[in-house]
Amino acid sequence: MNLTGIIIGAISFLSIGVFHPIVIKSEYHFGKECWPVFLVAGIILMVVSALVENVVLSSALAVIGMSSWWSILELFEQEKRVQKGWFPANPNRKKK
């Protein structure tokens, strides 16, 4: 029995679940201006993924790297959700 696909699927599921609150908290504390952190993290994870020989670990790193890149879009969408009042705005952060 080959469980590789199930393991990679579980890692994808967990990655999405972990990045969702990270995006919300990042936008709340830093605003969408923190998007370069997600870009650099994604680049690093993708490069390391290409260098790792283990299929499951390489796939996990790639999935997390792609989730990091997807989080850039979600940061901008989260800002719109805050403007609509769906999520609280940080009263201590200065607005531009």
Excluding sequence neighbours, so at least two apart, what forms side chain to side chain contact (heavy atoms under 4.5 Å, CB included) with [X]?
X   : value
N92 : N90
I6  : L3
S15 : F19, V63, I64, S67

Do L75 and C34 make a side-chain contact, defined as non-hydrogen atoms from C-beta onward lying under 4.5 Å apart?
yes

Between W86 and K80, is any pair of side-chain heavy atoms under 4.5 Å apart?
no

Counting only pairs under 3.5 Å, give me each side-chain donor-acceptor contact of residues 37-45, with atom names and distances, residues two or more places apart or in other chains.
none

List, one per line, each side-chain donor-acceptor pair under 3.5 Å for residues 21-32, sequence neighbours excluded.
residue : atom : partner : partner atom : Å
S26     : OG   : I22     : O            : 2.7
E27     : OE2  : R93     : NH2          : 3.4
K32     : NZ   : E79     : OE1          : 3.2

N2 meets the side chain to side chain donor-acceptor pair (under 3.5 Å) criterion, sequence neighbours left out, with T4

Residues that S49 engages under side chain to side chain donor-acceptor pair (under 3.5 Å), provided they are two or more places apart
S58

Co-members of the apolar cluster containing L14 [side chain, <4.5 Å]:
none

Strictly by salt bridge (Lys or Arg N to Asp or Glu O under 4.0 Å), give each pair with a member in [range] just once, sequence neighbours left out.
range          : value
residues 41-54 : none
residues 81-91 : E74-R81
residues 1-15  : none

Tell me whether [X] at atom [atom1] has more than 12 heavy atoms from other residues, nucleotides or ligands lying less than 6.0 Å away.
X   : atom1 : answer
M66 : CE    : no
F13 : CZ    : no
W70 : CH2   : no

